[in-house]
Amino acid sequence: MIAIIDYDAGNIHSVKNAFEAIGQEVIVTRDSKELMAADRVVLPGVGSFGDAMKKLHEYDLIDTIHKIVASNKPFLAICLGLQVLFEESEEYPGIAGLGIVKGKVLKIPNQVGFKIPHIGWNSLELSHNGRLFKGLGEEPYVYFVHSYYAKAEDESVVTASTEYVAHMHTSVEVGNVFACQFHPEKSGDVGLKILQNFVEV
């Protein structure tokens with residue numbers, strides 16, 4: 001059973017549909033007992049860092065997320081979900097993230113010829129044998145929608161990077177915690193393979 005954390009994130013149903021497409025049983029919930037009972041947990045996300053942290057506090061999900069991570073249960077964060085795993089974001093200075101991954105979320109710099117937000121397909125540069133990318137080619141193409149990007153303090157946790165104005169850390173893996181800035185649920189067969197790899201962790 002895969003549980004998707006329900007905190008009013010915009011991409012919850014597309015993530016649910018993608019997991020169901022690979023044959024998984026999925027529930028969408030913010031109930032702590034249901035989340036703790038699941039085999040795997042997913043934190044989706046579309047929107048702003050500040051609003052996401054506000055909702056996670058409002059629904060009393062902060063402690064539950066930390067307990068899930070501490071339980072060694074496979075945990076996947078997507079897009080804004082990845083960003084809130086970090087300690088802080090330039091989008092909302094002074095608002096603390098979950099601090100599960102050390103580092104910061106930075107604004108993609110303005111540069112002539114590059115549109116922000118970064119929307120569309122881009123390639124991943126893989127590193128450190130990330131388990132989400134098992135069986136994929138060297139530079140898989142995935143779908144992005146974001147204006148901010150993560151920079152991990154420890155580069156050894158970075159399993160994928162992408163060049164778009166800046167060198168962006170676009171996937172990290174810390175123990176049982178996996179996260180990707182891109183949207184696997186919108187990345188076609190490559191994305192479904194990434195989700196299948198998560199299921200098989």
Side-chain angles (χ1 to χ4, degrees), residues 1-22 24-107 117 132 144-150 152 157 170-186 191 194-195 198-199 201:
M1 169 71 76
I2 293 173
I4 298 176
I5 297 175
D6 181 8
Y7 68 112
D8 303 333
N11 62 332
I12 285 176
H13 294 295
S14 56
V15 172
K16 179 177 183 285
N17 290 341
F19 275 111
E20 289 177 342
I22 58 170
Q24 298 304 302
E25 186 179 354
V26 185
I27 60 168
V28 176
T29 182
R30 62 178 69 112
D31 181 88
S32 178
K33 289 181 180 177
E34 290 182 330
L35 291 168
M36 292 303 297
D39 301 309
R40 287 166 175 75
V41 177
V42 179
L43 179 67
V46 170
S48 72
F49 187 94
D51 288 345
M53 289 307 303
K54 180 181 176 183
K55 288 287 187 182
L56 291 174
H57 280 288
E58 184 181 318
Y59 293 135
D60 200 23
L61 288 165
I62 304 291
D63 188 49
T64 299
I65 289 171
H66 283 285
K67 284 179 179 176
I68 291 165
V69 170
S71 75
N72 215 32
K73 192 190 305 288
F75 184 90
L76 173 65
I78 296 172
C79 194
L80 183 60
L82 169 140
Q83 295 183 12
V84 298
L85 293 184
F86 282 75
E87 296 170 294
E88 58 183 305
S89 173
E90 287 185 345
E91 187 178 12
Y92 277 85
I95 293 181
L98 294 168
I100 291 167
V101 181
K102 300 296 183 186
K104 297 180 179 180
V105 176
L106 308 173
K107 183 168 177 49
L132 289 184
F144 289 88
V145 182
H146 65 124
S147 301
Y148 292 80
Y149 70 97
V157 307
T170 46
S171 189
V172 297
E173 181 179 330
V174 183
N176 59 310
V177 176
F178 303 83
C180 39
Q181 177 62 65
F182 58 89
H183 288 271
E185 78 280 9
K186 295 180 180 178
I194 288 168
L195 296 182
F198 173 68
V199 168
V201 167

Self-check item: N/O donor-acceptor pair under 3.5 Å between His146 side chain and Tyr148 backbone
Solution: yes
Self-check item: Side-chain ion pair, Glu58 and Lys54, N-O less than 4.0 Å
Solution: no
Self-check item: salt bridge (Lys or Arg N to Asp or Glu O under 4.0 Å) involving Asp51 - partner list, sequence neighbours excluded
Solution: none
Exercise. Drop me the distance from Leu76's CG to Ile2's CD1, to the nearest 0.5 angstrom.
Key: 9.0 Å
Quiz prompt | Set of residues satisfying salt bridge (Lys or Arg N to Asp or Glu O under 4.0 Å) with respect to Asp60, sequence neighbours excluded | solution = none
Self-check item: Closest non-hydrogen atom pair, Ala52 against Val84
Solution: CB-CG1, 3.9 Å
Self-check item: Atom of Ala9, atom of Val46 and distance for their closest heavy-atom approach
Solution: CB-N, 4.3 Å
Quiz item: Hey, is the main chain of Met53 close enough, under 3.5 Å, to the side chain of Tyr7 for a donor-acceptor pair?
Solution: no
Quiz item: So, the side chain of Glu90 versus the backbone of Lys107: is there a donor-acceptor pair under 3.5 Å, distance only?
Solution: yes
Practice problem: Give, for atom CG of Leu106 and atom CD of Glu88, the distance between the pair rounded to the nearest 0.5 Å. | Solution: 9.0 Å
Exercise. Start with the C-alpha distance between Asp8 and Tyr59, add both sets of side-chain angles, then the distance that settles side-chain hydrogen bond (donor to acceptor under 3.5 Å, both in side chains), and finish with yes or no.
Key: CA-CA 10 Å; Asp8 303 333; Tyr59 293 135; 2.6 Å; yes
Quiz item: Under a 4.0 Å N-O cut-off, is there an ion pair linking Lys104 with Glu87?
Solution: no
Quiz item: Roughly how far apart are Glu91 CD and Leu80 CG, rounded to 0.5 Å?
Solution: 7.5 Å
Quiz prompt | Qualifying residue for side chain to side chain contact (heavy atoms under 4.5 Å, CB included) with Ile4, from Thr29, Ile78, Val28 | solution = Val28
Self-check item: Reported CE-to-OG1 distance for the pair Met36 and Thr64, which is rounded to 0.5 angstrom
Solution: 7.5 Å
Quiz item: Going through the distances and angles, do Thr170 and Tyr149 end up as a side chain to side chain contact (heavy atoms under 4.5 Å, CB included)?
Solution: CA-CA 7 Å; Thr170 46; Tyr149 70 97; over 6 Å; no
Quiz item: What's the shortest heavy-atom distance between Lys73 and Val41, and which atoms?
Solution: CD-CG2, 3.6 Å
